Amino acid sequence: MNISLSAPALKWFEQEMEAQEGDSIRFFARYGGHSPIHPGFSLGVTKAEPYEPWAQTTENGIVFYVEEKDGWYFEGYDLHVKYSRKYDMVDYEYVDVK
């Protein structure tokens with residue numbers, strides 16, 4: 001699994017979550033909501049230090065990662081994080097790698 005962020009999405013995290021060099025942003029599976037890959041689950045995001053990272057990338061010194069315990073949610077997909085100007089928020093795209 002690969003995690004990628006567009007430049008506008010990275011800027012959103014820096015502004016909205018006040019993420020800066022040395023911080024870590026975790027993507028995780030949440031019960032409830034809507035997801036195109038797992039009905040009844042959705043993607044959560046929080047600032048937290050990695051414990052057992054399953055996948056990660058670093059942009060501007062900020063680590064974006066998924067913990068091993070959430071790997072099942074992303075299995076077989078890459079996560080592309082983009083910014084939606086229309087909604088002024090980040091948008092998640094799951095790209096099938098099979």
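Keep in mind that this is a model prediction, so the values were computed, not measured. We use all heavy atoms of the structure for the numbers below, so side chains are in, but hydrogens, waters and symmetry mates are not.
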### Hydrophobic cluster membership, Tyr31 vs Leu43, 4.5 Å side-chain cutoff
yes
### Message
Side-chain heavy atoms nearer than 4.5 Å, only ILVMFWY residues, links allowed to pass through others: does that put Trp72 and Val66 together?
### Response
yes
### Task
For the residue pair Tyr73 and His38, establish whether any side-chain heavy-atom pair is separated by less than 4.5 Å.
yes
### Query
Looking at side-chain heavy atoms only, is the closest gap between Phe41 and His34 below 4.5 Å?
no
Run the side-chain donor-acceptor check on residues 78-87: report pairs under 3.5 Å with partners two or more places apart or on a different chain.
{"residue": "Asp78", "atom": "OD1", "partner": "Asn2", "partner atom": "N", "Å": "2.7"}
{"residue": "His80", "atom": "ND1", "partner": "Ser4", "partner atom": "OG", "Å": "2.4"}
{"residue": "Lys82", "atom": "NZ", "partner": "Glu93", "partner atom": "OE1", "Å": "2.7"}
{"residue": "Tyr83", "atom": "OH", "partner": "Asp88", "partner atom": "OD1", "Å": "2.4"}
{"residue": "Ser84", "atom": "OG", "partner": "Tyr87", "partner atom": "N", "Å": "3.2"}

Show me the side-chain donor-acceptor pairs of residues 10-28 shorter than 3.5 Å, one per line, residues at least two apart or across chains.
{"residue": "Glu14", "atom": "OE2", "partner": "Asn60", "partner atom": "ND2", "Å": "2.9"}
{"residue": "Asp23", "atom": "OD2", "partner": "Gln20", "partner atom": "N", "Å": "2.9"}
{"residue": "Arg26", "atom": "NH2", "partner": "Asp70", "partner atom": "OD2", "Å": "2.6"}

Once you round to the nearest 0.5 Å, how far does [atom1] of [X] lie from [atom2] of [Y]?
| X | Y | atom1 | atom2 | value |
| --- | --- | --- | --- | --- |
| Tyr77 | Met1 | OH | CE | 11.5 Å |
| Glu59 | Phe64 | CD | CZ | 7.0 Å |
| Tyr92 | Phe74 | OH | CZ | 9.0 Å |

### Message
Check whether Ser35 reaches the backbone of Ile37 with its side chain - one donor and one acceptor, N or O, closer than 3.5 Å.
### Response
yes
### Query
Does Ser42 have any side chain to side chain donor-acceptor pair (under 3.5 Å) partners at least two apart in sequence or in another chain, and if so, which?
Arg30
### Summary
Residues passing the side chain to side chain donor-acceptor pair (under 3.5 Å) test with Thr58, sequence neighbours excluded, are none
#### Entry: salt bridge (Lys or Arg N to Asp or Glu O under 4.0 Å) partners of residues 36-45, not counting sequence neighbours, each pair once
none
### Task
State, to 0.1 Å, how close Gly76 and Asp96 come at their nearest heavy-atom pair, and which atoms those are.
O-OD1, 3.4 Å
#### Entry: Hydrophobic cluster (4.5 angstrom, side-chain heavy atoms) - remaining members for Tyr65
Val63
